[in-house]
There are 2 protein chains.
Amino acid sequence: MKARPIVVQTSYREVFNQLEDAILRGELKIDEPLPTEAELCDILQVKRSTVREGIRLLEQSGLVTRNSARRLVVSAPDASRSSENIIRSVTLNKVTLEELWRVQRELEALASRLACDNISKPLLEALADNIEQTRVSRDDPKTIVKIDMEFHRLIAHASNNRALTLARDPLGLLLYASSDFVITRLAQSTDRLIAAHQRIYDSIAANDPENAAKWMLKHMDDFKRGCIMAGAVFDDPILDFVDIDVLSGLTEALRK
Amino acid sequence: MKARPIVVQTSYREVFNQLEDAILRGELKIDEPLPTEAELCDILQVKRSTVREGIRLLEQSGLVTRNSARRLVVSAPDASRSSENIIRSVTLNKVTLEELWRVQRELEALASRLACDNISKPLLEALADNIEQTRVSRDDPKTIVKIDMEFHRLIAHASNNRALTLARDPLGLLLYASSDFVITRLAQSTDRLIAAHQRIYDSIAANDPENAAKWMLKHMDDFKRGCIMAGAVFDDPILDFVDIDVLSGLTEALRK
DNA sequence: AATATCCGTTTGTCTGACAATGTGATATCA
DNA sequence: TGATATCACATTGTCAGACAAACGGATATT
């Protein structure tokens, strides 16, 4: 006999499903307040505790957020929400540095290529400023790591492609967080980093996608070489290279 | 005066934070059961309703799943969880077909390149079988769309890179779901699709990464051309091309 | 030893309650 | 009259306790 496993939904999950559906099909509009718990009890014919548990599922999906610690409003999940999820998934599933790097290498190349087309004055200035800051902080590894991360995020942002941002940001966060490992171990790496960023910047500023991508790829390859020279085993999980407490702080960095 | 906005945590969110932390730092081990609600009440000194709301947040993050509709077990979030999130984010934020395609193009090329190295016999056979099925279903657009989606997923899977899967799967799902639009409108598109898949398959089977990537890129470019010929405005949100009800069914397709 | 029965645990849901906080209406004052 | 202060209400967050259903394991039966 052929059969599907029997699945019974809990009521609170059904609450979630119905509300999610209503949001996706636009019956509950984004930026408008969610009905009050009492109203939902009425509509869905379950008690408040059940409604509340369903709402918690919505909340964690980013489909509702709170305006002013009070009334919940319907909202489109923002990128940081997905990032948190991916970061948890990557770390707990022990994805390796190699896997991460391999993907990120392509995404960064794409980002730098796309950035050429549309980059705005303010973003260009932010990039220049970022490189300047890197020079200033040359001797402070912790700060370098942050600024480096920001450099790449700025470029991805300049690509004006939200699908790219969505895929790239969480991976980038993890990858560059583990670059701490390299920078603290290899003195010369900071100078190479600055030189690479400068070349990438110049290419973008000159609206030269092919060179931007070329230098970015070199930069990424250099990153890998640095990791290995610093003694990183590229086939180990990233979790080995990133401090858990740093990790907790990472997600909030995304929200700005 | 300089100040940070005041943020007050609710208790249930604090429950979530503490449990998440415990899982990330390995104090609660993956595949072991979560403490019972009563135990958590004891540990965290809050009432059961509060504990339960916190657990719902965990549940939606994929950090706990249910074994047998009963006891919850701690778990690493699986890829489908992230996919759901990204899909919601992409659709509700009205990301365009162009953005999606641009990223997916690179990821598919990477996937086909990587697939060459490690592909296993069973996966190769599955690919061959997939192409055969496409031929058989040539005249059934709905089925073609599904099989096409599966073809690309198989290749991504063969890449043996979970970071790639994580980034690619949700985007692929959305992109190929909207290919329905092309296939139903352009009669000849199915034949081109089969030919392309065949070439990609041959390259992978011959362990020829460069050609695999080359044909994949051509295939992707062809996809775009097809969309435009079929009258799709590439700068419109994907939401316009995907039926909401299909969308709801999409995520469950991921879980297998 | 295999099967059937029973019982305690755990969860899902309900009921009801209350304090804190934000919101809008009303009253007060310049 | 218009701005401000006050108040009453609505809504949420949390508590307290209750109960039925389902599961898992222990015990009894064949």
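From a predicted model like this one, the values you see are computed outputs, not experimental measurements. Each chain gets a letter, A, B and so on, in the order the sequences are listed, and its residues count up from 1.
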query = Salt bridge or not for A/R102 and A/E99, using N-O below 4.0 Å?
reply = no
request  = Consider only side-chain N and O atoms of B/S159 and B/N161, and report whether a donor and an acceptor are under 3.5 Å apart.
outcome  = no
message = Distance check needed: C/dT13 C1' versus A/F16 CZ, whole Å only.
response = 20 Å
request  = Would you indicate, yes or no, if D/dC15 has its OP1 or OP2 atom less than 4.0 angstrom from a side-chain nitrogen or oxygen of B/T50?
outcome  = yes
query = Taking the side chain from B/S179 and the backbone from B/L175, do they hold a donor-acceptor pair closer than 3.5 Å?
reply = no
ask   = Between A/Q9 (CD) and C/dT13 (C1'), how many Å, whole number?
value = 16 Å
ask   = Rounded to the Å, how far apart are A/E39 CD and D/dA10 P?
value = 12 Å
message = Has A/N93 got a side-chain atom pairing as donor or acceptor with B/P77's backbone, closer than 3.5 angstrom?
response = yes
task = Measure from CZ on A/R52 to P on D/dT12 and round the result to the nearest Å.
result = 8 Å
key: Closest nucleotide among D/dT14, D/dG13, C/dC14 to the B/E53 side chain   = D/dT14
ask   = Rounded to the Å, how far apart are A/Q45 CD and C/dC14 P?
value = 10 Å
ask   = Just how far, in rounded Å, is P of C/dA17 from CD of A/E37?
value = 18 Å
message = What's B/S49 touching, base or sugar-phosphate or nothing? Going by heavy atoms closer than 4.0 Å.
response = base
ask   = Just how far, in rounded Å, is P of D/dT12 from CG of A/L72?
value = 7 Å
inquiry  = With a 4.0 Å limit, can you tell me whether A/S11 has a side-chain N or O closer than that to the phosphate oxygens OP1/OP2 of C/dT13?
reply    = yes
ask   = What is the distance, rounded to the nearest whole Å, between atom CZ of A/R71 and atom P of C/dG24?
value = 10 Å
ask   = What nucleic acid atoms does A/R56 come within less than 4.0 Å of, heavy atoms only: base, sugar-phosphate, or nothing?
value = sugar-phosphate
message = On DNA chain D, does the nearest nucleotide to A/L34 precede the nearest nucleotide to B/R48 from the 5' side, or the other way round? Give the residue.
response = A/L34
query = Counting side-chain heavy atoms from C-beta on, which of D/dA16, C/dG12, C/dT15 comes nearest to B/K47?
reply = D/dA16
key: Between B/S75 and B/T65: side-chain donor-acceptor atoms closer than 3.5 Å   = yes
